[in-house]
*Asks:* 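So that we are looking at the same thing, I have put the structure below in structure tokens.
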Amino acid sequence: MTDSSRKDVAYDPKAIELAWQDRWAHTGAARARGEGEPFYLLEMFPYPSGRIHMGHVRNYTIGDVLARFHAARGRKVLHPMGWDAFGLPAEQAAIKRGVPPAKWTRENIDTMREQLRRMGFSYDWDRELATCEPDYYRWEQLFFVRMLERDLAYRKSARVNWCDECGTVLANEQVDGDECWRGHSPVRQRELDQWFLRITRYADELLSGLDGLDGWPEKVVTMQRNWIGRSTGVEVDFELCEYEGSLTVFTTRADTLFGSTFVSLAVEHPLARELASRGGDEAAVLEFIERIARQTPEERAQGKEGVFTGCHAVNPINGSQVPVYLANFVLMEYGTGAVMAVPAHDQRDFEFAERYQIPVVRVIGPADGAELPEVLTEAFTDDGVLHDSDAFSGKTSADAREAIAKELTRGGKGRQVVNYRLRDWGISRQRYWGAPIPVVYCDACGVVPVPEDELPVVLPTEVTLLEGGGSPLPQLEDFVNVDCPRCSAPARRETDTMDTFVESSWYFLRYTRPDLADAPFDPAALAEWLPVTQYIGGVEHAVLHLLYSRFFTRVLRDLGWLELDEPFARLLTQGMVIKDGAKMSKSKGNVVDPDELVQRYGADTARLFSMFAAPPEKDLDWSERGVEGAYRFIARVWRLAVADPRCGSAGWEDPGDRSDGSDRSDGQTPPAADRALRSMTHETIARVTHDIGDRMHFNTAVAAIMELVNEIYRGRESGESAGEAAVDCAVATVLRLLAPFVPHIAAEAWERRIGEPALEDVPWPDHDPSALVKDSVEIAVQINGKVRARVTVAADADREAVAAAALSEERVIAELSGREPRKTVVGPCRLVNIVV
RNA sequence: GCCGGGGUGGCGGAACUGGUAGACGCAGGGGACUUAAAAUCCCCUGGCCCUUGCGGCCGUGCGGGUUCGAUUCCCGCCCCCGGCACCA
């Protein structure tokens, strides 16, 4: 081989990858095409923060492998990409660098689009969208106006989560404990006027819909179920003694009602102050209210504390008068803000009763008849059997709950209710870089939605951001001062913008016709593509984006735009990319820049490593050595496929079963080697197809291809090589199976080795089941469950023959040494167990 | 506390509905090629035992059980990760 030809054959990832990316861009290779069954493959779109990171590489490689795989299998694949382009970092960057958020965002998009192209991802860029474009968010403003009409959007004053760092309100889903989900800065409660979306109206549907999401990870379903937090119980009315009126409590344990010895209220309860003025130590009660109201949830959790209001309430089930307390552990946000307290059967009430010497009355005993201790040291909270409960004594807890609820309902003293933990979605953000909320405030008319023909309300982009970090919108006279759409009097525009999670709640619908100018969606396009066949993204969105999108889908359905309940049929949540035991992050200084990786090894190596190192749902441990291993394998494939003197004339099609020795190109190779390699080739096709298509375990798919490559190499060395046609087919199969993972080298090697037809025009291989059938199989022979020998028998041997072969094996006879087998079990595949 | 997911070599990870545990890769060892090194190609590599023979014992978090046979199923624990949590 001359120097020049050696150079030609060397694996040069950069040259190969750039050339193919260019070709694909020109041929529009990634556009949805064909007559196949539609397959909508979607990865969560990125926030254009500046540069892509390894998490993106992993997420989008998984998506690209699936997109290319299913396209090769004849599906019509929609694989779009866009930008979740509104958000706070753009504002922070603007203040820091003096660049307008719009400009900063567009530049980032340009950079990142280029990076994604360089990875070889097969996106249909014709469908690209960015949520910060008026052509996009105008539809969202329309949705908002329609939601307003249906009372699905409303404005109220409420205690909300405020993050000083972000300078805005956050939704409940966006608070982790008492920290902001974005940067762990503290969140405190503030009373503010805010816009809310009535997600609670869909609580039951969102919950029951989870049952049909078979293609979702159990983990995410559970997280949403927990988040929605449905509980069934009864509301019970307690007449007040010192006050005209009654108090309603919520309980899931109506069976314990006879054991209630006090009632406790949240300090925020509307009656709290009122009751204090009727007989109690008003000053002490007011002091308690003030003090607890100021505390954070964490401080409140320090210990049970309360104060007697001086008032009493009547238990409707037995007429007993019980004291009414204010208690720090009762939450106004849940239930009715009032609780019937049963110290014997509720641990919180028990602790409270101990502290304030309130009687503990037992009404439930263990179902198995066991005795509870003479003096309780903790509440007995299990279900059991009632006693001291009048007519209900002797009933089980479950029966009693029903019966008591019925009794209360009959007397008009209670009713069965369902409670949710889920709260309405607060979407107002006191930020600039977001979609304007399309309403106007008029002194005469109040809140007036912007008329639909005046949409969009365009966000001004020529702005100077304020040094303090606040939104400049309230200062923009041109933006704020408008005529009331209803009465034409001077009015003021809303200056809050929408939560960016609103944009991401419907972007996947818009991809089906992003160019549509006079409507948000084309019904035919929606019908073709939705629901998303396979969605891929991080688990951190389990109760954020993934819950909001399910909600939004139902809202848009009820507004008449969609005929769809669930947006995502299947969901894959990929794990994080970890290095040195921690998630890659700038603050930890353990980031690996994808660009560097691509520079050094090429995109194919980056893609292969991220698919091979771990199954997709698990965290991926970054390993430089592992990356090198991936590169070595690719180069090994290159040498196998390209550094062959016959390159350009080699075949690729399956020569079929030629065990009779006919039609052999060399006429020498033993048919057994041929058959063995062909068998392994087809077995690899079967494994890889199953691993990618059914299991989405890409690591084992790659491993299977590696085994085939190893086998081809071994055959070359051993001198027992299969015939040329079988080897050619095996090598070509390696390239076909590898193409979704490493599309550039696969295409290049294919072109050099085979030429026509081009790899992209060759469909995914089908395995030939008959090729997997072997003449003989090796059977493991166990004696008492331990492998003692192996015998080879004909593949079609029946159980008796297999057992006989095993029992006549030399080693088995020696091992048995005359002992009589008590039992011989022939397993369904390749195993015999002899018991003595 | 409740819910979900896990615990397999030095490491990342394989093992389909119970059927030869450790595929594949990394790291390590040996060999071939080379003046030499790198690269490449081949072989070995769970632990402990008598080197003695294609050998024996132990081994999938721990303890039991079911089974001819258990990483896999059942019961009881321990530990790790994630979610929810004074939710009445």
Side-chain angles (χ1 to χ4, degrees), chain A residues 176-177 217-231 233 249-253 256 264 297 300-304 327-331 333-342 345-349 351-352 381 419-421 539-540 542-543 575 578 609 612-615 617-630 632-633 635-636 639 687 690-691 694-695 697 699-707 709-710 713-714 716-718 778-790 810-811 821-836:
Chain A
D176 252 347
E218 195 58 41
K219 179 185 183 175
V220 176
V221 170
T222 310
M223 282 168 74
Q224 292 210 356
R225 194 169 278 134
N226 286 345
W227 188 260
I228 295 168
R230 182 183 202 265
S231 61
V249 305
F250 172 74
T251 181
T252 56
R253 290 297 303 272
T256 66
S264 36
R300 286 198 195 191
Q302 291 311 309
K304 307 283 173 291
N328 65 342
F329 63 89
V330 180
L331 307 172
E333 306 88 75
Y334 188 78
T336 61
V339 187
M340 68 161 204
V342 185
H345 304 297
D346 182 284
Q347 187 58 25
R348 292 156 303 188
D349 298 341
E351 288 165 28
F352 192 89
T381 56
N419 250 303
Y420 297 95
R421 211 190 74 97
V539 74
E540 64 273 18
V543 289
I578 302 286
F609 171 74
F612 178 63
E617 67 279 0
K618 286 186 76 168
D619 287 350
L620 184 156
D621 227 341
W622 186 262
S623 152
E624 192 60 35
R625 301 280 200 184
V627 174
E628 279 168 23
R632 272 201 295 270
F633 172 67
R636 186 168 154 90
R639 284 189 297 273
R687 284 171 66 186
H690 180 240
D691 282 350
D694 305 328
R695 301 203 314 152
H697 274 203
N699 54 332
T700 52
V702 174
I705 302 170
M706 286 173 166
E707 285 183 67
V709 169
N710 290 347
Y713 267 94
R714 267 195 291 272
R716 277 183 164 185
E717 292 298 310
S718 68
E778 192 183 62
I779 303 273
V781 183
Q782 295 184 329
I783 293 172
N784 288 339
K786 286 192 169 140
V787 179
R788 295 298 179 192
R790 290 159 212 286
E810 201 182 318
R811 261 210 52 128
R822 207 168 45 155
K823 187 172 180 184
T824 302
V825 183
V826 181
C829 56
R830 297 201 280 166
L831 187 132
V832 175
N833 192 11
I834 299 164
V835 187
V836 294

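None of the values given here were measured: they were computed from a predicted structure. Naming convention: chains lettered A, B, ... in sequence-line order (proteins, then strands); numbering from 1 in each chain.
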*Asks:* Which residues pass the side chain to side chain donor-acceptor pair (under 3.5 Å) test with A:T336, sequence neighbours left out?
*Replies:* none
*Asks:* When you get a sec, tell me which of B:rG4, B:rG13, B:rC84 is the closest nucleotide to the side chain of A:K618?
*Replies:*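 Nearest to the side chain of A:K618 among the choices is B:rG13.
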*Asks:* Nearest nucleotide by nearest heavy atom, which residue falls closer to the 5' end of RNA chain B, A:M223 or A:E351?
*Replies:*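 With A:E351 and A:M223 compared, the 5'-side residue is A:M223.
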*Asks:* Which of these nucleotides, B:rC24, B:rA88, B:rC87, is closest to any side-chain atom of A:R421?
*Replies:*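 So the side chain of A:R421 is nearest to B:rC87.
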*Asks:* Assign A:G303 to base, sugar-phosphate, or nothing according to its heavy-atom contacts below 4.0 angstrom with the strands shown.
*Replies:*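 A:G303: base contact, heavy atoms under 4.0 Å.
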*Asks:* Give one of base, sugar-phosphate or nothing for A:A613, where a contact means two heavy atoms less than 4.0 Å apart.
*Replies:* sugar-phosphate
*Asks:* Any base atoms under 4.0 Å from A:G229, or only sugar-phosphate, or nothing? Heavy atoms, all strands.
*Replies:*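 Result for A:G229 = nothing.
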*Asks:* Which residues pass the side-chain contact (heavy atoms from CB on, under 4.5 Å) test with A:V339, sequence neighbours left out?
*Replies:*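 A:V339 satisfies side-chain contact (heavy atoms from CB on, under 4.5 Å) with A:S264, A:V330 once adjacent residues are dropped.
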*Asks:* Provide the distance between the two P atoms, one in B:rG61 and one in B:rU8, to the nearest whole Å.
*Replies:* 6 Å
*Asks:* Using the test salt bridge (Lys or Arg N to Asp or Glu O under 4.0 Å), find all partners of A:E707 that sit at least two apart in sequence or belong to another chain.
*Replies:* A:R687
*Asks:* Does A:N699 put a side-chain nitrogen or oxygen below 4.0 Å from OP1 or OP2 of B:rC24?
*Replies:*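 False: A:N699 side-chain N/O out of range (4.0 Å or more) of B:rC24 OP1/OP2.
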*Asks:* Considering every strand and a 4.0 Å limit on heavy-atom distances, what is the contact class for A:V342: base, sugar-phosphate, or nothing?
*Replies:*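 It contacts nothing in the nucleic acid.
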*Asks:* Taking side-chain contact (heavy atoms from CB on, under 4.5 Å) as the test, write out the residues that go with A:K219, two or more places apart.
*Replies:*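 So A:K219 forms a side-chain contact (heavy atoms from CB on, under 4.5 Å) with A:M223, A:V539.
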*Asks:* Residues of residues 619-628 of chain A with any non-hydrogen atom less than 4.0 angstrom from an atom of RNA chain B: list those, numerically ordered, please.
*Replies:*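 Output list: A:D619, A:R625.
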*Asks:* Looking only at side-chain N and O atoms, does A:R225 come under 4.0 Å of OP1 or OP2 in B:rC2?
*Replies:* no
*Asks:* Between B:rG47 and B:rU60, how far apart are the P atoms? Round to whole Å, please.
*Replies:*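 15 Å, rounded to whole Å.
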*Asks:* Please state how far atom CZ in A:R230 lies from atom C1' in B:rC3, giving the value in whole angstrom units.
*Replies:* 18 Å
*Asks:* Answer syn or anti for B:rG9, where the cut-off is 90° from 0 on the glycosidic torsion.
*Replies:* syn
*Asks:* For nucleotides 65-69 of chain B, list the nitrogen or oxygen atoms of the protein found under 3.5 Å from its nitrogen or oxygen atoms, one pair per line.
*Replies:*
from	atom 1	to	atom 2	distance (Å)
B:rC68	OP1	A:K823	NZ	3.3
B:rC68	O2'	A:N833	ND2	3.0
B:rC68	O2	A:N833	ND2	2.7

*Asks:* Sequence neighbours left out, what passes side chain to side chain donor-acceptor pair (under 3.5 Å) with A:R625? Give chain and number order.
*Replies:* none
*Asks:* Measure from NZ on A:K219 to C1' on B:rG5 and round the result to the nearest Å.
*Replies:* 7 Å
*Asks:* Residues in side-chain contact (heavy atoms from CB on, under 4.5 Å) with A:R639, at least two apart?
*Replies:* A:A635, A:R636, A:Y713
*Asks:* B:rG64 and B:rC58: how far apart are their P atoms, nearest whole angstrom?
*Replies:* 15 Å
*Asks:* Reading RNA chain B from 5' onward, which residue's closest nucleotide shows up sooner: A:A614 or A:M706?
*Replies:*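 Counting from the 5' end, the first nearest nucleotide belongs to A:A614.
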*Asks:* Given the C1' atoms of B:rG69 and B:rC62, what is the spacing between them in whole Å?
*Replies:*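 These two C1' atoms come out 22 Å apart once rounded.
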*Asks:* What distance, rounded to whole Å, do you find between the two P atoms, one in B:rU17 and one in B:rC42?
*Replies:* 33 Å
*Asks:* OH of A:Y420 versus P of B:rA88: gap in Å, rounded?
*Replies:* 14 Å
*Asks:* Are A:F352 and A:F329 an aromatic pair, judged by ring center distance below 6.0 Å?
*Replies:* yes
*Asks:* Roughly how far apart, to the nearest Å, are B:rU72 and B:rG22 at atom C1'?
*Replies:* 15 Å
*Asks:* Within the structure shown, what part of the strands sits under 4.0 Å from A:P615 by heavy-atom distance: base, sugar-phosphate, or nothing?
*Replies:*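 A:P615: backbone/sugar contact only, no base atoms under 4.0 Å.
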*Asks:* Checking the side chain of A:E351 only, and the main-chain atoms of A:K304 only, is there a donor and an acceptor separated by less than 3.5 Å?
*Replies:* no
*Asks:* Rounded to the nearest 0.5 Å, how far does CZ of A:F633 lie from CZ of A:F609?
*Replies:*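 Reported to 0.5 Å precision, the distance equals 15.0 Å.
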*Asks:* Mind checking whether A:F250 and A:S231 have side chains closer than 4.5 Å, heavy atoms only?
*Replies:*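 Result yes, sub-4.5 Å side-chain heavy-atom pair found.
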*Asks:* What integer distance in Å separates A:F633:CZ from B:rG13:P?
*Replies:*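 It is 20 Å, rounded to the nearest whole Å.
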*Asks:* Partners of A:D346 by side chain to side chain donor-acceptor pair (under 3.5 Å), sequence neighbours excluded?
*Replies:*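 A:D346 satisfies side chain to side chain donor-acceptor pair (under 3.5 Å) with A:R348 once adjacent residues are dropped.
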*Asks:* Rounded to the nearest Å, what distance is computed from the CZ atom of residue A:R253 to the P atom of nucleotide B:rC87?
*Replies:* 13 Å
*Asks:* Let's see if you can work this out: which of B:rC87, B:rG83, B:rG4 has an atom nearest to the side-chain heavy atoms of A:Y334?
*Replies:* B:rC87
*Asks:* Rounded to the nearest 0.5 Å, how far apart are CD1 of A:I578 and CG of A:D621?
*Replies:*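 Spacing of CD1 (A:I578) from CG (A:D621) equals 7.0 Å.
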*Asks:* For A:R421, check side chain to side chain donor-acceptor pair (under 3.5 Å) against everything at least two apart and list the hits.
*Replies:*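 Once residues adjacent in sequence are excluded, A:R421 has no partner under the side chain to side chain donor-acceptor pair (under 3.5 Å) criterion.
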*Asks:* Can you find a side chain N or O atom of A:R348 that sits less than 4.0 Å from OP1 or OP2 on B:rC87?
*Replies:* yes
*Asks:* Under a 3.5 Å distance rule, please check whether A:R253 uses its side chain to pair with a backbone N or O of A:T381 as donor and acceptor.
*Replies:* yes
*Asks:* Find the distance A:Q224:CD to B:rC3:P and express it as a whole number of Å.
*Replies:* 19 Å
*Asks:* Drop me the distance from A:D349's CG to A:T256's OG1, to the nearest 0.5 angstrom.
*Replies:*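 Here the rounded value is 8.5 Å.
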*Asks:* Name the stems with RNA chain B in them: runs of three or more consecutive Watson-Crick or G-U pairs, distances under 3.5 Å?
*Replies:* B:1-7 with B:78-84, B:10-12 with B:24-26, B:28-32 with B:40-44, B:46-49 with B:55-58, B:61-65 with B:73-77
*Asks:* Whole angstrom is fine here: how far is it from CH2 in A:W227 over to P in B:rC87?
*Replies:*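 After rounding, the gap between these two atoms is 15 Å.
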*Asks:* Would you measure the distance from the P atom in B:rC79 across to the matching atom in B:rG25 and give it in whole Å?
*Replies:*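 It works out to 38 Å between them.
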*Asks:* Determine the Euclidean distance between corresponding C1' atoms of B:rG9 and B:rC44; express it in Å to zero decimal places.
*Replies:* 15 Å
*Asks:* Does the pair A:T700 and A:D691 meet the rule for a side-chain hydrogen bond (donor to acceptor under 3.5 Å, both in side chains), with working shown?
*Replies:* CA-CA 7 Å; A:T700 52; A:D691 282 350; 2.8 Å; yes
*Asks:* Which nucleotides of nucleotides 39-46 of chain B have their base under 4.0 Å from a protein heavy atom (B), which only their sugar-phosphate (S), and which neither (-), written as one string 5' to 3'?
*Replies:* -SSSS---
*Asks:* Rounding to an integer number of Å, can you tell me how far A:N419 CG sits from B:rA88 C1'?
*Replies:* 9 Å
*Asks:* Do A:N328 and A:Q302 have side chains that get closer than 4.5 Å, going by heavy atoms?
*Replies:*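 The answer is no, as the side chains (C-beta and beyond) never meet within the 4.5 Å cut-off.
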